[in-house]
Amino acid sequence: MLRVTIDGTRHVVAGQPSILDAAGSVGVEIPTVCHDPRLAPTGACRVCLVHVDGSDRPVAACTTPATDGMVVVTETPELRRLRADLLRMLAREDAGPPAGSTPVDSAFDLLLHRHGVASDERSRHPRSVDVSHPYIAVDMDRCILCFRCVRICADVQGQFTWRVWGRGAATRILPDSGTTLAESSCVSCGACVDTCPTTALQDRTVRATGPATAWTRTVCPYCGVGCELEVGTRDERIVAARPVLDAPVNKGHLCVKGRYAHAFVHATDRVTSPMIRSRGHWEPVSWGEAIDHVASELRRILDRHGPASVGVLGSARATNEDNYVVQKFARVVLGTNNVDSCARVCHAPSAAALGTMLGTGASTNSFDDIEAARTILVFGANVTENHPVVGARIAQAAMRGAGLVVVDPRAIDLVDHADVYLRVRPGTNVALLNALAAVVLDEGLEDVEYLARHVDGLDELRATVAGSTPEAVAPICGVDPDDIRRAARLYATAKPAMSFHGLGITEHRHGTDMVRCLVNLALLTGNIGKPGTGVNPLRGQNNVQGAAHMGCEPHRLTGFVPLDEGRDRCERVWGSPVPSAPGLDAVQMVDAAARGDLHALWVVGWDVLLTNPDTNRTRPALADLDLVVVQDLFLTETARDVGTVFIPACSTYERDGTFMNAERRVQRVRAVIDPVGDSRPDWDALRLAAGAMGHAADFPYASAADIWEEIRRVWPVGAGIGYERLDREHGLQWPCPHDDHPGTTILHADGFARPGGRARLASVPYRPPADAPSEPYPLVLVTGRNLYAFNAGTMTGRTANVTLRPTDTLEISVDDADRLGVVDGAAVRVTSRSGSIELVAEVTDRVRPGELFATFNDARRRVNRVTGPHGDEHTRTPEYKVTAVRVDAVRTSPTGA
Ligand code: SF4
């Protein structure tokens, strides 16, 4: 603690702050132009000059540390005059607000106004605004050369798009293209806009609609990083979003999706009234008619075919409260455990492997461990595109000197920062991971003491990997043996080491085994239960962790506990029995529909038809159902093709509740605007249906808060997480069993929730993927996401992100393209054993010969027509990452059909 006197008042401040931060912490604002709390202070603008007792001249408050007993004066006539002179010099660079905007348009304008700098002291530059970028307007005639955009692009995003060009009076800031922003390497995170004090860089929406009049703190509706943002509204419309500086996850940063992709909320094709399909046509109906129809159909189907004939799918885009009500509706109202979520098609293998080996099926550590790790292993995760804010943190850590190992068939962006890049063949992760374990054991790099105290199964693992030398597995996984050794040594010796993994490891025939082998590495080297360590699945959608955790799982209840373990507690709180018959997961529901055993499906916020593999099999199976209720924002492909009732949901921005991010953090979601049209939160539609089916008393909720209070009663591990605490503490990580518990940032610090408190190594031999390439289908297709499109494209497809990436493409190597006569940008036909699609070719060296990559976000392409029926042996998660295909050049341009 430091005692500091500021403007005559004594204060006690914590830590070792600068004078600027010390003053800020006690509510004294010192003016500054070049400072941004996300950046290291430079003192370049000198506007924050203050007097310090004992100093013969003013000092820059941002770069001068506060010291015990220091006496600071922040305002004197001399300081005001000095600041005004400095601001006047800067203003000569700035052409001022454009005609038609307010004279005090930016933070810089406000400073000039307060210091009496007149508008005629501004620059007289001619105006030319670059509006080539769909989200960012560039008006460099307002640039005062504070370099904040250059620094934040490099120091926070790690992108280096903004560059300083020229010297002296000719100094200018331009994108790396030297021309327009659209032609540059910009990844559209908006950090430069956020930091620019003058509006030289400005959101185009603000220029078009005027600034927001109200801001609401909530959580991003996209990926599982869980960034907090403030959403700006004007006249009940969303006009802007900005990052929250004190958000624990994103610390004042966002990606293009969180920052800009919100226009879908007001899209003209948003469906905001319930509809029933009648003789092939959708008819708008009242909520009462829709709910009565659904209730009577469900009753009829239950009477005739029993509870096993209906299924419900929860949503990774919906809140914890919504998903809790989904699974309770299935169990209490329908009497079935046929309930699942899209965790099935992504990270179910992570939950299974982590659960069986460590005792808890969730991420072991926190994103803050990135800065504590000396080595980071990124396995099968294109982090900079799919979890961009975490990707930026990893890139920054690598640039600061942390070791980085990247394992991926594609040369993803993080490869540029990697110490070792292992370009593994799709489907051979177990072979590679066993070789890494073999090197650790052969070279005596294992943590002998940790293994003896905490881990079982070492002898079996040693025997299993004995033959997996780097030389033995290199022909299988295609990785240089020396690189395997370098990666193993780095991970095992430059400790602490942590791993992040994505769907490149889970969406395989042997996905659970692959995660097990990754856990083996962490246990062998003692990289678990400590800061900067652990095994950390990167969850794809914002609440995929929460959807499964709330009980949208056929074999698990709220808290991810097995049915038998949680049954008594749920029955006590619900006052209703939990069905005993085993339930079907999402994949099994489609199988049951194909057999004629499933008759009704209620789908909440999941475009099953577009995202499930093997569309040509899924579609007819679902088309035969008597009742398909689709609850969503738009008429999704599922609704269009097989839906019989449409229930209008409201978006994340229109509802209250909580999300659970990839690091087990529960955060508050707050309604930014009222529900659009006649839409309602998902839980409310289910509550109405429960009431219509005679269960009103079981669903007595008037708000999301009511539901959360019930969740705390059935989930002892989260009982300490209340809305008030979440508002105050900005998120809590479970376990958090009581009100005084601080939450848990690192799991397994004191052992494992397994028999004897010991973890268990897994002995897993390598087996090849299910859909191996062969003569008619000689190439391997991997599918995945990209920066601008999110999952089924339901939301991002209705924003200007489609300008930045208009459609799905097929990445193909130069060799394969030459051999097949494929030209960059031309149409190609991709054919597998399951189906055929047409895509635009992108000839690139990101993929190697024999391998292809395609995104699956464009409903017109339907990439999942070609992915096959195979899935993980343990969880049935589809094998999206290995499909044997052939590629043929086509003469006509793609039609989008
Ligand atoms: Fe949203 Fe994920 Fe981007 Fe953060 S990183 S802004 S959570 S999409």
Side-chain angles (χ1 to χ4, degrees), residues 38 135 152 156-159 186-191 193-194 203 217-232 238 240-265 316-317 319 346-347 363 366-368 370 378 381-396 413-414 500 502-503 536-546 651-653 658-670 672 730-731 784-797 799 801 804-805 857:
R38 293 163 289 192
Y135 291 125
I152 207 160
V156 174
Q157 178 58 34
Q159 191 63 21
C186 175
V187 292
S188 314
C189 68
V193 174
D194 204 55
D203 288 343
R217 183 171 178 150
T218 187
V219 181
C220 173
Y222 289 105
C223 86
V225 172
C227 297
E228 280 191 283
L229 65 167
E230 285 179 326
V231 180
I238 296 171
R242 65 188 182 196
V244 173
L245 285 180
D246 66 351
V249 173
N250 48 312
K251 304 182 195 306
H253 193 34
L254 290 173
C255 79
V256 58
K257 293 184 280 282
R259 170 118 192 160
Y260 290 118
H262 45 71
F264 69 89
V265 172
R317 278 160 41 208
T319 62
C346 59
H347 267 294
S363 192
S366 305
F367 294 135
D368 277 351
I370 292 169
V378 176
N382 187 3
V383 198
T384 54
E385 295 206 49
N386 299 335
H387 304 85
V389 166
V390 167
R393 286 178 72 171
I394 292 173
Q396 293 293 338
D413 291 346
L414 270 185
F500 287 100
L503 306 183
N536 300 283
L538 286 162
R539 299 303 193 123
Q541 299 199 55
N542 51 351
N543 201 37
V544 69
Q545 173 84 50
S651 74
T652 293
Y653 300 112
T658 56
F659 287 153
M660 188 185 292
N661 80 348
E663 50 166 16
R664 297 170 281 105
R665 186 185 299 276
V666 178
Q667 303 188 104
R668 275 285 273 119
V669 175
R670 298 178 187 85
V672 169
H730 304 317
R785 304 178 185 181
N786 90 334
L787 176 63
Y788 298 103
F790 184 74
N791 213 33
T794 311
M795 299 189 295
T796 49
T799 70
N801 279 29
L804 294 161
R805 192 168 191 281
N857 317 107

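Computed from a prediction, not measured in an experiment: that's the story for all the values here. Numbering of ligands and ligand atoms starts at 1, following listing order.
- By the 6.0 Å and 45° rule, R785 stacks over the aromatic ring of F790.
- Side-chain polar atoms of N791 and Y222 form no donor-acceptor pair below 3.5 angstrom.
- The side chain to side chain contact (heavy atoms under 4.5 Å, CB included) test applied to H253 returns V156, Q157, C189, A191, V389, A392, not counting sequence neighbours.
- Protein N/O/S atoms closer than 2.8 Å to atom 1 (Fe) of ligand 1: C220 SG.
- Taking the side chain to side chain donor-acceptor pair (under 3.5 Å) definition, one finds that Q396 meets it with nothing, sequence neighbours left out.
- Inter-residue side-chain proximity for D246 and H730 is flagged as met; some heavy-atom pair is nearer than 4.5 Å.
- Remark: D194 engages R38, R259 in a side chain to side chain donor-acceptor pair (under 3.5 Å) (not counting sequence neighbours).
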